[in-house]
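Note that the coordinates shown come from a computational prediction; the quantities given were computed from them, not determined experimentally.
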Amino acid sequence: MVSEELTMLYLRHFGLQQTPFSLTPNTAFYVDLPQHHEALEVLTTALNVGEGFIKVTGEVGTGKTMLCRKLMNEAPDDWVIAYIPDPYLSPVELRWAFATELGLKQSDTIDNQQLVQLLQHCLVALAAEGKRVVLIIDEAQALPDDTLEALRLLTNLETEQRKLLQVVLFGQPELDKRLASYKFRQLRQRVSFSYFLRGMSYYEVQAYISARVDIAGVRQPLFSPGALKAIWKYSRGIPRLVNVLSHKGLMLAFGENKLQVDTRHLRYAAKDTEDVRDHNASLNPIWLGVLVSSLMIAAAAAWHFRGLWL
């Protein structure tokens with residue numbers, strides 16, 4: 001209850017209608033950055049022309065899951081989307097996960113060969129209805145080797161005119177390294193379109209923060225120019241880290257009863273963020289950020305609740 005009250009006070013303090021920097025990939029907060037726009041263009045173009053495999057890779061936190069959800073939310077009515085968020089599956093588990101997404105019921109009496117036949121019949125039926133089946137796999141770098149091969153064999157299901165199944169792989173750069181190996185050369189040759197998500201530039205970080213704050217209901221700048229530069233520097237342009245640092249910066253400003261985040265707030269926020277510290281040796285000792293962050297949040301609660309009691 002106290003946490004909910006504190007959140008409401010935090011939002012009210014800045015005039016926000018909702019939290020602008022949540023780590024949940026909410027497509028309502030999607031910002032059409034150039035790299036995300038280009039990636040969506042690649043995906044939609046490749047899927048519309050019927051290509052078998054499309055691959056999107058990027059470092060952790062660069063917005064792959066957000067992009068994945070954006071693609072699914074905007075899929076045309078004639079697309080049938082099968083989504084697998086956890087790909088650490090055996091070949092049989094992958095086939096059943098795909099079959100379940102297509103509406104088939106799992107049964108212990110169906111062997112692997114029968115399952116493949118059922119999938120083919122289902123795909124043929126959907127194609128006859130004018131449907132385009134798209135299998136989307138998130139975190140694809142975690143696919144076991146034999147499951148990757150089973151995935152390639154699934155795409156052999158086709159008619160003389162078209163592929164019955166298209167596959168979109170979202171993964172970390174480790175996926176590129178794995179596909180570069182000799183044993184995956186057949187699958188690699190089937191990847192007709194690919195895109196690598198880069199981090200944001202300084203100006204893109206500015207636009208990203210401004211857009212999310214605006215979506216959350218505030219038009220005035222909540223971050224000083226120095227704070228924006230610090231976020232870009234410490235985050236390395238990675239959207240997830242931008243969200244983490246921005247949220248912590250706002251919490252620290254809230255704790256001091258200030259309406260704008262400054263560079264000092266961001267330095268404390270960076271000290272309290274492990275992945276940032278790993279890339280910035282000057283941010284040690286690590287306990288300082290944790291201590292200051294905790295004190296500021298406690299001070300925020302005390303200050304605002306005292307105001308309510310008076």
Side-chain angles (χ1 to χ4, degrees), residues 18-49 51 53-76 79 81 134 136-141 166-176 179 191-219 221-247 249 261 266 275-276 279:
Q18 52 188 320
T19 305
F21 298 107
S22 171
L23 294 184
T24 303
N26 180 357
T27 54
F29 279 92
Y30 173 79
V31 180
D32 198 27
L33 297 167
Q35 57 270 43
H36 288 174
H37 182 84
E38 290 170 5
L40 273 176
E41 287 286 318
V42 168
L43 286 166
T44 54
T45 298
L47 290 170
N48 282 326
V49 299
E51 296 297 340
F53 273 92
I54 306 103
K55 173 173 62 71
V56 176
T57 54
E59 280 293 345
V60 175
T62 49
K64 296 183 295 297
T65 300
M66 173 71 88
L67 194 63
C68 177
R69 293 192 180 183
K70 183 74 171 174
L71 177 68
M72 291 191 293
N73 288 351
E74 297 185 355
W79 290 12
I81 302 291
V134 181
I136 298 176
I137 301 181
D138 205 358
E139 302 293 346
Q141 76 282 346
Q166 295 171 274
V167 179
V168 180
L169 301 175
F170 288 92
Q172 296 169 19
E174 289 84 351
L175 177 63
D176 291 326
L179 294 182
V191 178
S192 51
F193 285 82
S194 62
Y195 191 89
F196 182 80
L197 282 174
R198 59 173 176 81
M200 293 183 285
S201 69
Y202 168 60
Y203 296 105
E204 287 168 344
V205 167
Q206 279 186 302
Y208 176 84
I209 290 174
S210 177
R212 290 189 71 116
V213 168
D214 183 61
I215 293 168
V218 173
R219 302 256 171 153
L222 297 183
F223 297 83
S224 71
L228 291 171
K229 286 184 180 179
I231 292 173
W232 170 66
K233 171 188 172 184
Y234 291 133
S235 70
R236 311 186 300 282
I238 297 173
R240 182 180 296 158
L241 289 179
V242 170
N243 287 355
V244 169
L245 292 170
S246 297
H247 177 66
V261 179
L266 258 300
D275 191 52
V276 172
H279 289 81

**OP:** Check step by step if side chain to side chain contact (heavy atoms under 4.5 Å, CB included) holds for Phe170 and Glu139.
**Re:** CA-CA 6 Å; Phe170 288 92; Glu139 302 293 346; over 6 Å; no
Subject >> Donor-acceptor pair, side chain of Lys55 and main chain of Val168, under 3.5 angstrom >> reply: no
Original post:
If every non-hydrogen atom of Val60 is compared with every non-hydrogen atom of Arg240, which pair is closest and at what distance?
Top reply: CG1-NH1, 3.2 Å
Original post:
Do Tyr195 and Glu38 touch side chain to side chain, with heavy atoms closer than 4.5 Å?
Top reply: yes
Subject >> salt bridge (Lys or Arg N to Asp or Glu O under 4.0 Å) contacts in which one or both residues fall within residues 196-210, not counting sequence neighbours >> reply: Arg198-Glu204
Original post:
Is a side-chain donor-acceptor pair under 3.5 Å present for Asp138 with Thr65?
Top reply: yes
Original post:
Once you round to the nearest 0.5 Å, how far does CG of Leu241 lie from CD1 of Ile231?
Top reply: 11.0 Å
Original post:
So, for Ile136 and Cys68, which heavy atoms are closest and what is the spacing to 0.1 Å?
Top reply: CG2-SG, 3.5 Å
Original post:
Quick one: does Met200's side chain get under 4.5 Å of Tyr208's, heavy atoms only?
Top reply: yes
Original post:
With sequence neighbours left out, what residues match Thr27 under side-chain hydrogen bond (donor to acceptor under 3.5 Å, both in side chains)?
Top reply: Asn73
Original post:
Going from CE on Met66 to CG on Leu33, what distance comes out if it is rounded to the nearest 0.5 angstrom?
Top reply: 10.0 Å
Subject >> Spacing of NE2 belonging to His36 relative to OH belonging to Tyr30, to within rounding of 0.5 Å >> reply: 6.5 Å
Original post:
Any donor-acceptor pair under 3.5 Å linking the side chain of Gln35 with the backbone of Leu197?
Top reply: no
**OP:** Compare every heavy atom of Gly61 with every heavy atom of Ile238, then report the nearest pair and how far apart it is.
**Re:** CG2-O, 3.2 Å
Subject >> Verdict with reasoning, Thr57 to Gln172, per side chain to side chain contact (heavy atoms under 4.5 Å, CB included) >> reply: CA-CA 5 Å; Thr57 54; Gln172 296 169 19; over 6 Å; no
Subject >> Close side-chain approach of Pro20 to Ile215, heavy-atom, < 4.5 Å >> reply: no
**OP:** Determine whether Tyr234 and Val244 make a side-chain contact, defined as any pair of heavy atoms from C-beta on separated by less than 4.5 Å.
**Re:** no
Original post:
Which heavy atom of Gly237 sits nearest a heavy atom of Val205, and at what distance?
Top reply: CA-CG2, 4.4 Å
Original post:
Are Val213 and Phe21 side-chain neighbours, meaning at least one heavy-atom pair lies under 4.5 Å?
Top reply: yes
Original post:
Shortest non-hydrogen contact from Val42 to Ser194?
Top reply: CG1-O, 4.5 Å
**OP:** Output the distance between atom CD (Glu74) and atom CZ (Arg69), rounded to the nearest 0.5 Å.
**Re:** 14.5 Å
Original post:
Is the shortest heavy-atom distance from the side chain of Ile209 to the side chain of Leu228 under 4.5 Å?
Top reply: yes
Subject >> Check: Thr44 side chain, Glu41 main-chain N or O, donor-acceptor pair, under 3.5 Å >> reply: yes
**OP:** Kindly compute the distance separating CG (Leu266) from CG (Leu245), expressed to the nearest 0.5 Å.
**Re:** 6.0 Å
**OP:** Look up atom CZ in Phe29 and atom CG in Asp214, then write down how far apart they are to the nearest 0.5 Å.
**Re:** 10.0 Å
Original post:
Within the distance-only criterion (no hydrogens, no angle test), does the side chain of Thr19 pair as donor or acceptor with the backbone N or O of Ser22 below 3.5 angstrom?
Top reply: no
Original post:
How far apart are the C-alpha atoms of Ser192 and Phe53, what are their side-chain angles, what is the distance that settles it, and do they pass the side chain to side chain contact (heavy atoms under 4.5 Å, CB included) test?
Top reply: CA-CA 6 Å; Ser192 51; Phe53 273 92; 5.8 Å; no
Original post:
So Asp176 and Gln141, side chain to side chain contact (heavy atoms under 4.5 Å, CB included) or not? Walk me through it.
Top reply: CA-CA 8 Å; Asp176 291 326; Gln141 76 282 346; over 6 Å; no
Original post:
For the residue pair Pro173 and Glu59, what are the closest heavy atoms and their distance?
Top reply: CG-OE2, 3.6 Å
Original post:
Taking C-beta and beyond as the side chain, do Phe196 and Val56 meet within less than 4.5 Å on heavy atoms?
Top reply: no
